[in-house]
Number of protein chains: 2
Amino acid sequence: MQDFIHDKRVYYSPIEFAMSYIGGTWKMPVIRALANGPLRYGDLKNAIPHVTDKMLNTQLRDLEKKGMVTRTIFREKPPRVEYALTDRAMQSIPAIEALENYGRKLMELEAGEITERRS
Amino acid sequence: MQDFIHDKRVYYSPIEFAMSYIGGTWKMPVIRALANGPLRYGDLKNAIPHVTDKMLNTQLRDLEKKGMVTRTIFREKPPRVEYALTDRAMQSIPAIEALENYGRKLMELEAGEITERRS
DNA sequence: CGGTATCCCAGATGATACTG
DNA sequence: CAGTATCATCTGGGATACCG
């Protein structure tokens with residue numbers, strides 16, 4: 001395939017381009033956590049073990065910029081902020097689930113093997 | 001899910017674990033290039049536009065260590081080295097193709113939109 | 001409750017040149 | 001043909017602390 005230029009950057013393959021949207025350690029876990037419906041910030045954070053506020057916020061801002069999530073503020077008491085997937089993010093779910101299944105297969109394979117001793 | 005520990009590292013999700021095998025800019029393109037059968041080094045390099053020798057070699061060594069590719073040397077004239085996918089790498093192909101399809105969808109979406117002006 | 005602001009580092013990537 | 005070696009760069013991610 002020929003090069004794809006977007007936002008002044010060159011992408012060599014559809015894979016690389018997809019990863020610019022959902023790559024990194026946290027973006028897929030975020031999307032997966034929102035796959036069953038919108039969540040507010042706190043619930044989202046609880047749904048993703050080990051994520052820090054900084055990383056969660058960074059990733060949410062990135063995803064917003066890319067048109068993958070929407071952020072809705074409800075000015076209630078106490079304040080509420082909800083994150084939801086856009087259409088294009090929902091279309092990534094099959095790919096993310098495929099990756100997740102593969103990860104589980106690898107975990108089984110590795111758990112079943114005797115750990116190699118490093119020389 | 002609970003944490004998964006492998007090779008002295010903690011993985012928080014199957015996704016993260018899968019990405020430790022096929023993540024990075026070049027590993028999926030490499031696996032995809034080998035999906036239809038073994039290739040020798042030069043052909044593999046030609047199959048992956050823009051990859052440098054350093055990156056291709058680094059990734060191939062990584063993939064070897066993880067048990068994702070095999071490296072076979074044929075002492076002929078001229079020398080020949082063939083790379084092939086292992087079983088566990090072949091199991092990643094559906095996930096990689098799903099990602100690739102998603103990347104293509106995103107490319108269409110972006111190509112069809114009027115580029116936003118950044119303020 | 002839902003975030004920001006700093007500072008910092010390791011590791012991933014790249015350019016270039018050289019080799020058995 | 002199939003790589004290594006070296007050096008430089010850049011950014012993702014983490015620790016910690018603070019804020020409207």
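Protein chains get the first letters and strands the later ones, always in sequence-line order, with residue 1 at the start of each.
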Is a salt bridge present between B:Arg9 and B:Glu16, judged by a nitrogen-to-oxygen distance below 4.0 Å?
yes

How many Å lie between CD1 on B:Ile48 and P on D:dG3, as a whole number?
13 Å

Grab the CG-P distance between A:Leu56 and C:dG2 for me, whole Å please.
11 Å

Please state how far atom CD in B:Glu82 lies from atom P in D:dG3, giving the value in whole angstrom units.
12 Å

Residues at least two apart in sequence or cross-chain that pass side chain to side chain contact (heavy atoms under 4.5 Å, CB included) with B:Arg104, listed by chain then number, are A:Pro14, B:Glu100, B:Asn101

Starting from P on D:dT4, measure out to CZ on B:Arg61 and report it in whole angstrom.
5 Å

Contact string for nucleotides 6-20 of chain C, one letter per nucleotide 5' to 3', B = base within protein heavy-atom range under 4.0 Å, S = sugar-phosphate only, - = neither, reads BB-----BBB-----

Let me see the working for A:Tyr83 and A:Leu39 under side-chain contact (heavy atoms from CB on, under 4.5 Å), right down to the final yes or no.
CA-CA 5 Å; A:Tyr83 292 92; A:Leu39 286 179; 5.9 Å; no

Round to a whole Å and report the spacing from CZ of B:Arg75 to C1' of D:dA2.
11 Å

Short side-chain N/O contact from A:Arg71 to OP1 or OP2 of C:dG2, under 4.0 Å:
no

Please determine if a side-chain N or O atom of B:Asn57 lies less than 4.0 Å away from the OP1 or OP2 oxygen of D:dA2.
no

Please give me the minimum heavy-atom distance between A:Tyr41 and A:Asp53, naming the atom from each residue.
OH-OD1, 2.6 Å

Taking CG from B:Leu60 and P from D:dG3, how many angstroms apart are they, rounded to a whole number?
8 Å

Which part of the nucleic acid, if any, lies within reach of A:Tyr83 when heavy atoms closer than 4.0 Å are counted: base, sugar-phosphate only, or nothing?
sugar-phosphate

Quick one: is D:dA2 close enough that its OP1 or OP2 comes under 4.0 Å of any side-chain N or O from B:Arg40?
yes

To the nearest Å, give me how far apart CD1 (A:Ile73) and P (D:dG20) are.
16 Å

From CZ of A:Arg80 across to P of C:dC1 the rounded distance in Å is 13 Å

B:Phe17 side, atom CZ; B:Ile22 side, atom CD1 - distance, nearest 0.5 Å
11.5 Å

A:Glu64 and A:Lys66 ion-paired at < 4.0 Å
no

Hey, can you tell me if A:Tyr12 and B:His50 have their rings parallel, tilted or perpendicular (30° and 60° cut-offs)?
parallel

